[in-house]
2 protein chains.
Amino acid sequence: MNMMSAKPPTSVSEVDLDVLENTLSFYIRTVNIAVSRDLDDRLEGLDVARGTGKITTLLLVDSHPGIRPSVIAQLILKDRSAMGKLVDQMEGHGLLTRSVSAEDSRALELYITPKGAELAEKVRGLVTRQSADFFEFIPEDEQKQLMDILRRAYRRIAGLS
Amino acid sequence: MNMMSAKPPTSVSEVDLDVLENTLSFYIRTVNIAVSRDLDDRLEGLDVARGTGKITTLLLVDSHPGIRPSVIAQLILKDRSAMGKLVDQMEGHGLLTRSVSAEDSRALELYITPKGAELAEKVRGLVTRQSADFFEFIPEDEQKQLMDILRRAYRRIAGLS
DNA sequence: AAAAAATAGTTGCATTTGTCCACTATCGGG
DNA sequence: CCCGATAGTGGACAAATGCAACTATTTTTT
């Protein structure tokens, strides 16, 4: 296959992507890079930039006081180890506090701090706007389709629904 | 909002995702984690696991002999520096060779080795199968929609089309 | 009631990865 | 011939990820 590729391409527009052209996971992976980068730019200096999980953790602790690290870990697809480091970091930034659960002394309960709550509110706006802006060139209805499908995928992966 | 959260959730199914529930970029980011992990598992020990770009690079060098690092870099959304390291690594594994271009002595031309070609062929199958398997629970037509939309997004991002 | 298994979290480590920045070499246009 | 843009390299460095071992506690078995 692909017998003739006469001259080596010197510009992206001359290139075809081989089998990746029809590989869903390729597009997920590349679009993810772009979307994450753009998001990081907007979170510049906000204590919650870089890596996956900080945002979700912040919002969940804010809206579910007392939630456990292990529950969040499942939702952001991290192991307890990674989650622990995330919590350390965020506690260090004064965004949340941890205390041992009364019912189960193995478990922790996470609570938001005033500073964390403030950031959470700011981040809600930022994140929503970012996603809207980034995918703005896609028609509304297609965005909806896309999200419906990906939501199902996510729920399946995270063991929800 | 979210006035009552009575008891802290102790199980994922009791949690709602706050604004992330309706945030496209959240789903892209999480589904990406799962897809990439699954892919890595299948590439176990294959010289081409981990990180983005190795697969694309391998396939492109194989199907576009003489292609330049900078062209690939654009397609995988990396800077020249990161691309260089990728090429180093793959050359080190004996998957490709680099030589200075005759027309432009600033530029390199990348060529596949027999070992690289063999791996490329194996990877084509693997990657295609992986994507199909992973998204198998999504109906065919929805997969198509999803891919159409993401392809457009990608092409826009990478500066194609 | 004792033992075994499962669960929550911590810690340290090794590996990667991506990024930033400065530097060289070359090409192309005025 | 000079200047700005382009291709690639090399090094330093901050983060992120994943793994495995270890403690403490709860739950299940026998």
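Note on naming: letters A, B, ... go to the chains in the order of the sequence lines (proteins, then strands), and numbering restarts at 1 for each one. The figures that follow rest on heavy atoms only: side chains count, while hydrogens, waters and symmetry mates do not.
- The salt bridge (charged side-chain N to carboxylate O under 4.0 Å, His left out) search around A:Asp79 returns none, not counting sequence neighbours.
- Residues forming a salt bridge (charged side-chain N to carboxylate O under 4.0 Å, His left out) with A:Arg80 (at least two apart in sequence, or on another chain): none.
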Sequence-aligned protein contact record of nucleotides 16-24 of chain D, with B where the base is within under 4.0 Å of a protein heavy atom and S where only the sugar-phosphate is = SSBBB---B

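- In the hydrophobic clustering (ILVMFWY side chains linked at under 4.5 Å, chained through shared members), A:Leu108 is joined by A:Val100.
- For B:Arg37, there are no salt bridge (charged side-chain N to carboxylate O under 4.0 Å, His left out) partners at least two apart in sequence or on another chain.
- Of the listed residues (B:Arg151, B:Arg152, B:Gln145), just one forms a side-chain hydrogen bond (donor to acceptor under 3.5 Å, both in side chains) with B:Asp148, and that residue is B:Arg151.
- Within the structure, salt bridge (Lys or Arg N to Asp or Glu O under 4.0 Å) contacts touching residues 110-129 of chain A (residues at least two apart or in different chains) are A:Asp47-A:Lys115, A:Asp62-A:Arg124, A:Glu121-A:Arg124, A:Arg124-B:Asp18.
- For DNA chain C, the span of nucleotides reached by chain B at under 4.0 Å from its heavy atoms goes, 5' to 3', from C:dT17 to C:dC27.
- Within the structure, every pair that satisfies the salt bridge (Lys or Arg N to Asp or Glu O under 4.0 Å) test and touches residues 97-109 of chain A, not counting sequence neighbours, is listed here: A:Asp88-A:Arg98, A:Glu91-A:Arg98, A:Asp104-A:Arg106.
- Residues that satisfy the side-chain hydrogen bond (donor to acceptor under 3.5 Å, both in side chains) test with B:Arg155, not counting sequence neighbours, are absent from this structure.
- Partners of A:Thr56 under the side-chain contact (heavy atoms from CB on, under 4.5 Å) rule, at least two apart in sequence or in another chain, are A:Leu60, A:Ile76, B:Leu20, B:Phe26.
- Remark: A:Thr128 engages B:Val19 in a side-chain contact (heavy atoms from CB on, under 4.5 Å) (not counting sequence neighbours).
- In the helix from C:dA1-D:dT30 to C:dG30-D:dC1, the rotation axis of the first five pairs and that of the last five pairs differ in direction by 30°, rounded to 10 degrees.
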